[in-house]
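Inspection log for the structure reproduced underneath, given as structure tokens.
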Amino acid sequence: MIEQLLPLTNYPLYSAAALLVVAMATITFPVLFFISAPYGRHQREGWGPTVPARWGWVLMESPAFLGFVVVFAMHQELATATGWVGASIYAAHYLYRAFIFPFRMRGGDKAKPLLTCFLGFAVNACIGPALAFGLTVLWTTPFGPWTPSAFSGLGLVLAGALVNHQSDLILHRLRQPGETTYRIPYGGFFQWVSAPNYFGEILQWLGFALFTGIPMAWIFFALTLANLLPRARSHHRWYKIEFPDYPTDRKALIPFVW
Ligand SMILES: NC(=O)c1ccc[n+]([C@@H]2O[C@H](COP(=O)([O-])OP(=O)(O)OC[C@H]3O[C@@H](n4cnc5c(N)ncnc54)[C@H](OP(=O)(O)O)[C@@H]3O)[C@@H](O)[C@H]2O)c1
């Protein structure tokens with residue numbers, strides 16, 4: 001596993017990208033517990049120049065899709081059937097996140113600090129190509145996609161994507177076009193947690209790591225946790241401060257647990 005993760009001699013670029021993402025996850029996790037990433041409801045002055053949020057999202061997420069597609073296309077003759085399924089899951093998600101989600105957002109003209117966009121851009125420019133490389137050149141798993149862990153991984157990907165999309169749709173419908181108001185969301189997994197879209201996203205990338213079994217997918221999962229766990233806590237606290245009638249039995253991220 002370590003050899004596949006860090007083949008420094010043969011693939012220094014891949015190894016550097018993987019290490020950078022590990023470093024980002026290690027730094028991000030504790031920092032975000034003290035400083036909420038300044039975008040969306042946590043946007044505030046003092047974080048330098050800003051861009052409209054929707055363009056910030058395009059800038060941030062496009063290398064995750066384009067970097068992945070370019071590197072996967074370069075080595076696609078090495079991809080197994082499992083590699084192709086994994087690639088389709090990842091590419092479909094980031095095609096949506098980079099080029100569809102930003103143009104459906106309600107409140108997408110709000111300011112987003114360029115700094116957050118550049119950090120997102122840099123880390124995604126590492127993750128996309130490194131995952132594609134992992135799914136092709138570094139693929140060593142002798143098994144097909146139907147091992148128990150791969151099978152349950154695929155189930156988690158589907159369940160996570162459903163929860164993520166359902167929750168984002170509920171949030172989307174809380175606003176009229178052009179509005180930026182916040183309201184208490186109800187329905188779907190919001191009956192249990194304040195950030196079900198993050199819960200779905202986390203399930204999805206856990207499933208992806210189980211399904212593909214490649215080290216880079218586990219690193220990506222760790223980074224997703226490092227980003228979304230503290231942010232879910234910030235959202236939950238924010239709701240409780242902003243809305244005195246916020247449901248008291250709702251947890252932050254994990255139904256019935258936390
Ligand atoms: N893989 C990762 O590491 C990662 C990291 C970040 C995000 N994501 C994914 O990207 C998507 C968006 O993330 P996000 O951080 O922007 O999620 P978010 O804070 O839940 O916001 C999602 C959208 O809904 C709006 N919204 C949220 N709460 C609302 C409320 N109470 N009333 C009205 N509108 C509300 C937001 O508007 P405002 O922007 O105006 O607040 C935004 O347009 C999610 O699906 C998330 O899982 C993934």
Side-chain angles (χ1 to χ4, degrees), residues 21 24-25 28-29 32 36-44 50-58 60-61 64-65 90 93-94 96-113 116-117 119-121 123-124 126-128 131 157 160-190 193-209 217 219-243 246-247 250 252-253:
V21 182
M24 273 300 278
T28 300
F29 186 63
L32 289 187
S36 306
Y39 74 90
R41 79 198 65 192
H42 307 292
Q43 157 69 4
R44 52 207 183 270
T50 61
V51 285
R54 75 178 82 258
W55 291 108
W57 276 94
V58 174
M60 241 175 25
E61 307 289 7
F65 175 75
Y90 179 87
H93 178 91
Y94 275 100
Y96 171 77
R97 185 66 75 224
F99 301 112
I100 300 172
F101 172 79
F103 299 103
R104 294 188 69 235
M105 292 175 78
R106 292 189 169 158
D109 295 324
K110 284 170 68 170
K112 184 169 168 61
T116 62
C117 306
L119 284 174
F121 179 94
V123 81
N124 281 328
C126 293
I127 293 169
L131 273 175
V157 167
L162 276 175
V163 174
N164 178 260
H165 282 276
Q166 182 202 40
S167 312
D168 274 345
L169 187 64
I170 290 172
L171 292 175
H172 179 77
R173 287 179 177 160
L174 287 176
R175 287 179 180 161
Q176 295 302 313
E179 252 194 322
T180 54
T181 321
Y182 290 97
R183 300 186 171 89
I184 301 179
Y186 291 99
F189 274 61
F190 281 105
V193 291
S194 296
N197 49 348
Y198 295 171
F199 177 63
E201 183 98 23
I202 288 168
L203 286 187
Q204 197 177 333
W205 298 121
L206 170 63
F208 181 74
I219 293 177
F220 177 44
F221 170 63
L223 181 73
T224 303
L225 270 184
N227 270 321
L228 297 186
L229 233 102
R231 194 160 177 85
R233 191 180 79 139
S234 303
H235 276 21
H236 188 59
R237 289 184 166 185
W238 179 91
Y239 275 124
K240 290 204 283 192
I241 292 166
E242 292 294 313
F243 299 100
Y246 195 67
R250 216 177 263 193
L253 179 72

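Indexing begins at 1, ligand by ligand and atom by atom, following the structure's order. Note that the numbering runs from 1 along the sequence shown for the chain.
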Spacing of OH belonging to Y39 relative to NZ belonging to K110, to within rounding of 0.5 Å:
11.0 Å
All N/O donor-acceptor pairs, side-chain side in residues 236-243, below 3.5 Å, sequence neighbours left out:
residue : atom : partner : partner atom : Å
H236    : ND1  : S194    : OG           : 2.6
Y239    : OH   : R41     : NH1          : 3.4

Holding to side-chain contact (heavy atoms from CB on, under 4.5 Å), I want the full list of residues that pass it with V193, two or more places apart in sequence or in another chain.
P196, K251, P255
Name the residues with a heavy atom less than 4.0 Å from ligand 1?
Y39, G40, R41, W57, R97, F101, M105, K110, N164, D168, L171, L174, R175, T181, Y182, R183, N197, Y198, E201, T224, N227, L228, R231, H235, Y239
Would you check if the side chain of R231 reaches a backbone N or O of S36 as a donor-acceptor pair within less than 3.5 Å?
no
Would you please name every residue forming a side-chain contact (heavy atoms from CB on, under 4.5 Å) with T224, sequence neighbours left out?
E201, I202, W205, F220, L228
Got more than 12 heavy atoms from elsewhere within 6.0 Å of CZ, R183?
yes
